[in-house]
Amino acid sequence: MDLTLFVWRQRGQLDKGRLEQYAARNISPDMSFLEMLDTVNEGLIAEGREAIAFDHDCREGICGMCSQVINGIPHGPQEKTTVCQLHMRHFKDGDTIYIEPWRAKAFPVIRDLIVDRSSLDRIIQSGGYASVHTGGVPDANAVLVPKQDVDIAMDAAECIGCGACVAACPNGAAMLFTAAKVTHLAMLPQGRVEAARRVCVMTETMLREGFGSCSNHYECQAVCPKGIKVSFIAKLNREYLKSFMGNPGCSTGE
Amino acid sequence: MILDGKSPSGPLAEKWDRRRQELKLVNPANKRRYKILVVGTGLAGASAAATLGELGYTVEAFCFQDSPRRGHSIAAQGGINAAKNYPNDGDSIYRLFYDTVKGGDFRAREANVYRLAMLSNNIIDQCVAQGVPFARDYAGYLDNRSFGGAQVSRTFYARGQTGQQLLLGAYGALSRQIHAGTVRLYPRTEMLDLVVINGHAKGITIRDLTTGAIRSHTGDAVCLCTGGYGNVFYLSTNAMGSNVTATYRAYKKGAFFANPCFTQIHPTCIPVTGDHQSKLTLMSESLRNDGRVWVPKKKADERKPHEISEDERDYFLERKYPSFGNLAPRDIASRAAKEVCDEGRGVGPGGRGVYLDFADAIQRLGKDKISERYGNLFEMYEKITAENAYDRPMRIYPAPHYTMGGLWVDYNLQSNIPGLYVLGEANFSDHGANRLGASALMQGLADGYFIISYTIADYLARTGPGSASADHAEFLRSIGEVDAASKKLLSINGRRTVNDFHRELGRIMWEHVGMARRRESLELALKRIPELRAEFWSNVRVPGSGADLNQELEKAGRVADFLEFGELMALDALLREESCGGHFRVEHQMPDGEAKRDDDNFCYVAAWEFRGVGKKPELHKEPLTFEHIPLATRSYK
Amino acid sequence: MTLIKNMVGRKIVMSITGLALVSFVCIHLLGNISLFSGPDGINAYAKMLHSLGPFLWVVRLIMAAALGLHMVFGILLTLENRTSRAQKYAVNKHLSATVAGKNMIWTGLLIALYLGYHLLHFTGQMIMPEFSSSRNLDALGRPDVFSMVVHSFQHTVVSVVYVTAMAAVGLHLSHGLQSMVQTLGLNNERTLPVMVKVGAAAALVLFLGYAAIPAGIVSRLVGR
């Protein structure tokens with residue numbers, strides 16, 4: 001099939017950027033969306049033009065690197081599917097496709113469709129872990145964890161950190177991402193100890209990094225390729241209130 | 001040269017303790033004065049950087065991805081082995097050790113494997129403490145399953161995303177150290193050279209993939225945790241960015257590359273649909289528990305699978321290996337599938353696929369049961385192929401999956417270059433000629449959490465901190481070379497794209513250095529790879545500039561290395577005149593098609609020393625001795 | 001202070017003040033519908049309110065504070081959120097955001113404008129002073145709220161203004177109620193979709209309740 005693409009091209013953070021039109025010809029329905037872009041890029045290189053830059057790595061939907069807004073929807077029209085797992089059979093011959101980068105203040109564009117998501121890493125760095133030293137831990141079965149709790153923790157832990165939730169959010173908020181990590185660790189006895197401080201510092205980091213706040217539109221849940229639920233955001237809010245009642249102001253120190 | 005693996009003496013179970021006793025320690029107050037460079041942030045790299053940072057060393061961690069959470073360890077599905085023996089089904093450290101040595105077809109170092117089995121238990125404890133949500137039973141205890149044909153249930157798992165959860169655990173530990181300031185992270189940064197001064201590894205040269213800047217980082221030691229080289233085949237289950245560049249450039253600086261021909265092919269991947277294919281997706285091997293593998297008896301049979309009657313089908317695994325049938329080991333199942341396709345009986349586009357049929361299982365157990373067991377895999381299959389595997393058989397085909405070979409390291413994980421340590425899939429040490437399922441994650445974490453911190457201290461304590469200076473001529477030379485290579489690639493301005501060369505190299509490697517290797521095909525590969533390499537350096541087209549983000553330039557550098565490395569792999573395969581594990585030489589097989597090992601002549605590690613591009617590398621041997629497990633032939637008949 | 005420095009904290013301030021305001025809206029409606037039982041109902045209610053004396057002022061002050069905070073943080077958060085997503089998509093598709101949700105700031109501002117008018121009209125009684133209840137007492141000597149309301153709403157324009165404002169309140173609450181429950185962390189996976197529906201239904205009920213009064217008067221069902 002033949003398609004018309006409008007792709008965001010931007011040389012760097014200082015460049016204004018613009019949509020450019022490309023033709024994608026002889027696209028097989030078996031191609032993945034990224035393979036379609038590979039094909040377009042091969043054509044561009046043959047013409048001596050620069051290839052469209054886009055992030056991708058594992059191409060099996062788990063590394064969280066791919067990040068494109070396709071026709072207004074992060075990761076495209078297919079539910080619970082990353083761009084790399086989206087196949088061209090979901091498009092029709094003659095379709096026009098708009099491809100844009102994740103847009104948020106906290107995700108500056110580096111080039112074309114590539115954005116800088118290190119703000120998400122910094123949220124985790126501020127407290128998204130259990131502070132355990134290597135070695136000196138008890139036997140794995142020493143602390144029992146109810147299966148129901150582990151299952152919820154795992155539902156939350158499936159987050160791949162792609163940032164689609166931020167891209168979809170009208171406020172550019174990272175609440176679903178942060179809530180997933182807060183919930184994952186708060187559900188387990190190993191993470192519970194630091195839960196109060198964690199939720200406080202992680203939410204403060206969100207603000208510092210320029211993410212917006214949650215207006216409960218639930219766009220994030222609708223686009224999440226891993227089906228992370230907004231009920232985790234309620235859980236984060238609950239954890240925050242609990243933390244605030246116990247000790248206002250994250251002042252537990254290092 | 002005969003290499004010494006430096007295994008400690010004494011009884012097997014005491015070796016690691018004994019070695020730890022011998023190793024020197026670094027004074028805690030001095031640790032921050034030592035700088036350690038950790039390249040790669042998958043399981044091995046993230047766990048190593050976190051642990052070393054926590055101990056107080058100054059650590060710099062590098063990854064080419066945008067975040068350390070994206071190393072390809074994340075894609076491991078199945079699980080991680082440990083000799084916990086929670087199910088009380090007869091497992092022990094010794095049994096895990098035994099299975100790993102035997103599974104590796106007696107081409108791994110015994111002492112290393114025993115240590116790995118021993119540390120496997122600590123890994124599980126560590127990960128649980130980090131909050132890795134391993135599967136549990138209703139009483140709250142950890143759950144285990146049997147994996148990859150093991151006779152005991154020793155595999156811990158977190159749904160189908162064990163690798164992801166373990167990596168996120170290590171990423172959490174690493175993030176904690178970044179926050180504490182002991183580890184400085186350099187994402188979107190690719191190592192392009194190792195700097196060796198007076199025979200010691202003293203730094204690396206990198207390219208900042210965002211700005212294009214090329215610069216050096218000095219260090220008192222370097223840890224390479226950069227994964228395997230499966231992408232030499234172009235199509236593999238590896239991530240697109242997985243490459244051999246870091247280890248290969250260390251090889252060019254004098255590090256020995258060991259057993260490059262030991263590669264593992266996974267039998268149950270989704271087949272290729274056309275030339276546009278960029279990677280292959282693996283599906284869990286567990287599918288073979290209930291699926292039956294077949295192809296039509298007739299060549300080029302275009303009929304739909306249900307139109308082919310029972311007596312026109314060839315259930316070739318059941319026919320050839322009656323006792324194991326569809327559960328035949330990975331290498332055997334893979335080879336058998338390729339053979340029937342080579343005969344022209346393959347199915348699907350291009351005839352590169354075999355059926356994996358669940359019709360019998362659905363009839364026997366009901367659709368619900370099958371959906372309960374494999375529902376997520378069937379969904380994944382449908383997402384990619386748009387075919388419903390409940391109604392028609394799946395199509396599968398083997399794909400390169402893991403590489404057992406890697407840089408040579410001694411028992412301390414140190415390469416032959418002092419100060420250069422190699423961890424995880426990037427080294428060669430623990431899996432021999434074939435890796436058992438659920439053992440890769442175990443090795444990466446054992447190396448990173450529990451081994452490197454002891455062994456690297458010994459080296460550092462002996463050398464003293466801060467010995468490298470960034471203005472040393474070697475650093476300047478290294479930057480100059482890397483810069484020149486990148487300029488060269490940009491200036492060729494030929495007619496073929498980087499992908500085009502990579503694809504062609506992959507075809508050569510797959511056809512001639514793939515699952516079944518024969519002398520003539522290997523020799524052909526050794527002739528064609530240099531030709532292709534020559535064409536690459538005169539006809540590749542890399543658009544754009546080196547002064548900013550340029551993904552084509554990144555790829556070009558990696559493919560250039562694969563074009564040299566492929567030759568090394570073919571040479572190693574040619575010289576290893578035996579079949580063992582993942583390395584199958586057609587000339588060396590039993591009458592029944594089983595691999596025929598030659599322990600008298602090849603019970604060694606082949607470690608190659610670089611002698612110049614296009615020149616024959618020098619072979620060094622590390623003889624392998626098996627004191628505890630007698631050399632035996634495996635049989636899956 | 002820490003509460004308002006944290007983005008979740010700010011949202012919690014929005015929720016709690018929102019809860020206070022919506023409680024007022026509910027009680028106010030309960031009072032207002034006494035209009036349907038004629039002058040005796042609402043005028044007695046007004047007298048009762050006046051008899052509360054200082055307590056009434058306490059409630060008024062709390063409401064004013066809640067309103068102030070709700071408005072300040074509402075505007076602040078909206079401005080902040082806009083800068084967090086400054087650049088717009090060329091193509092933007094919303095999958096679950098509602099009209100009500102996306103326009104909270106506009107319905108909110110509309111309600112604020114209306115509130116000024118409403119206070120001037122029925123509380124300050126500076127608009128249409130001829131019907132002022134403090135000047136016109138009923139037969140029992142109570143402020144004649146009934147007549148004031150009926151006479152005011154017999155002007156169609158006034159009724160239209162009120163119904164429009166109530167539509168804004170309804171829209172605001174149709175998102176705000178479920179949003180409040182979520183922000184206070186009272187949801188789980190099961191209750192969330194229920195809350196979305198309950199919130200919208202409750203908003204509709206409040207709208208209909210309020211709109212019924214001018215509608216009843218304009219259609220002459222009340223006040224004849």
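Chain letters run A, B, ... following the sequence lines, proteins first and then strands; every chain starts at 1.
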Peer 1: So which residue, B/Q165, B/H72, B/Q130, ends up with the most heavy-atom pairs under 4.5 Å with chain A?
Peer 2: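 Heavy-atom pair counts peak at B/Q165.
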
Peer 1: Is it the backbone or the side chain of B/T281 that comes under 4.5 Å from a heavy atom of chain A, or both, or neither?
Peer 2: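 The side chain, not the backbone.
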
Peer 1: Given a strict heavy-atom distance threshold of 4.5 Å, which part of A/H184 is in contact with chain B: side chain, backbone, both, or neither?
Peer 2: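 The answer is the side chain of A/H184.
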
Peer 1: Would A/E239 and A/K235 pass as an ion pair if we require N to O under 4.0 Å?
Peer 2: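 A salt bridge links A/E239 with A/K235.
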
Peer 1: Between A/E35 (side chain only) and B/S278 (backbone N and O only), is there a donor and an acceptor less than 3.5 Å apart?
Peer 2: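 Yes.
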
Peer 1: Under 6.0 Å from the ring centre and within 45 degrees of the ring axis: does the NZ or CZ of A/R117 meet both conditions for the six-membered ring of A/F177?
Peer 2: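 Ring-cation test returns no.
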
Peer 1: Identify which part of A/D38 has an atom lying under 4.5 Å from any heavy atom of chain B, answering side chain, backbone, both or neither.
Peer 2: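 The answer is the side chain of A/D38.
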
Peer 1: Against chain B, work out which of A/M187, A/M31, A/M154 has the most heavy-atom pairs shorter than 4.5 Å and name it.
Peer 2: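 With the most close heavy-atom pairs to chain B, the winner is A/M154.
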
Peer 1: Just give me the residue among A/H56, A/K181, A/M36, A/R111 that pairs up with chain B most often, heavy atom to heavy atom, under 4.5 Å.
Peer 2: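 Top count of heavy-atom pairs under 4.5 Å with chain B: A/R111.
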
Peer 1: For B/Q65, is it the side chain, the backbone, both or neither that has a heavy atom under 4.5 Å from a heavy atom of chain A?
Peer 2: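 Interface part for B/Q65: both.
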
Peer 1: Taking every non-hydrogen pair under 4.5 Å, which of A/L34, A/V137, A/L120 racks up the most with chain B?
Peer 2: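 If we count pairs closer than 4.5 Å to chain B, A/V137 comes out on top.
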
Peer 1: What part of B/E552 lies closer than 4.5 angstrom to a heavy atom of chain A: side chain, backbone, both or neither?
Peer 2: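 The answer is the side chain of B/E552.
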
Peer 1: Could you tell me whether the side chain of A/D112 and the main chain of A/I114 form a donor-acceptor pair under 3.5 Å?
Peer 2: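 Absent.
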
Peer 1: Just give me the residue among B/T385, B/D125, B/I124, B/V128 that pairs up with chain A most often, heavy atom to heavy atom, under 4.5 Å.
Peer 2: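 Counting heavy-atom pairs under 4.5 Å, the top option is B/D125.
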
Peer 1: Within 45° of the ring axis of B/F501 and under 6.0 Å from its six-membered ring centre, is that where the NZ or CZ of B/R496 lies?
Peer 2: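 The answer is yes; both the distance and angle limits are met.
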
Peer 1: Check whether B/N122 gets within reach of chain A through its side chain, its backbone, both or neither, counting any heavy atom under 4.5 Å.
Peer 2: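 When you check distances to chain A, no heavy atom of B/N122 falls under 4.5 Å.
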
Peer 1: With a 3.5 Å distance limit and no angle check, can you tell me whether A/E194 reaches the backbone of A/S131 through a side-chain donor-acceptor pair?
Peer 2: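 Between the backbone of A/S131 and the side chain of A/E194 there is a qualifying donor-acceptor contact (under 3.5 Å).
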
Peer 1: Applying salt bridge (charged side-chain N to carboxylate O under 4.0 Å, His left out) to A/R89 and A/D30, what does each step give before you reach the verdict?
Peer 2: CA-CA 6 Å; A/R89 64 181 76 94; A/D30 289 328; 3.4 Å; yes

Peer 1: If I measure from the heavy atoms of chain B, does A/Q13 come under 4.5 Å with its side chain, its backbone, both, or neither?
Peer 2: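 No part of A/Q13 comes within 4.5 Å of chain B.
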
Peer 1: Is it the side chain or the backbone of A/Q78 that comes within 4.5 Å of chain B heavy atoms, both, or neither?
Peer 2: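 For A/Q78, there is no contact with chain B at all, as no heavy atom is under 4.5 Å.
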
Peer 1: Only pairs of heavy atoms separated by less than 4.5 Å count here; which of A/G191, A/A53, A/A51 has the most with chain B?
Peer 2: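 Heavy-atom pair counts peak at A/A53.
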
Peer 1: Identify which part of A/S28 has an atom lying under 4.5 Å from any heavy atom of chain B, answering side chain, backbone, both or neither.
Peer 2: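 Side chain of A/S28 only, per the 4.5 Å heavy-atom cut-off to chain B.
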
Peer 1: Among A/A142, A/G12, A/A130, A/C63, which residue has the highest count of heavy-atom pairs closer than 4.5 Å to chain B?
Peer 2: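 Heavy-atom pairs under 4.5 Å are most numerous for A/C63.
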
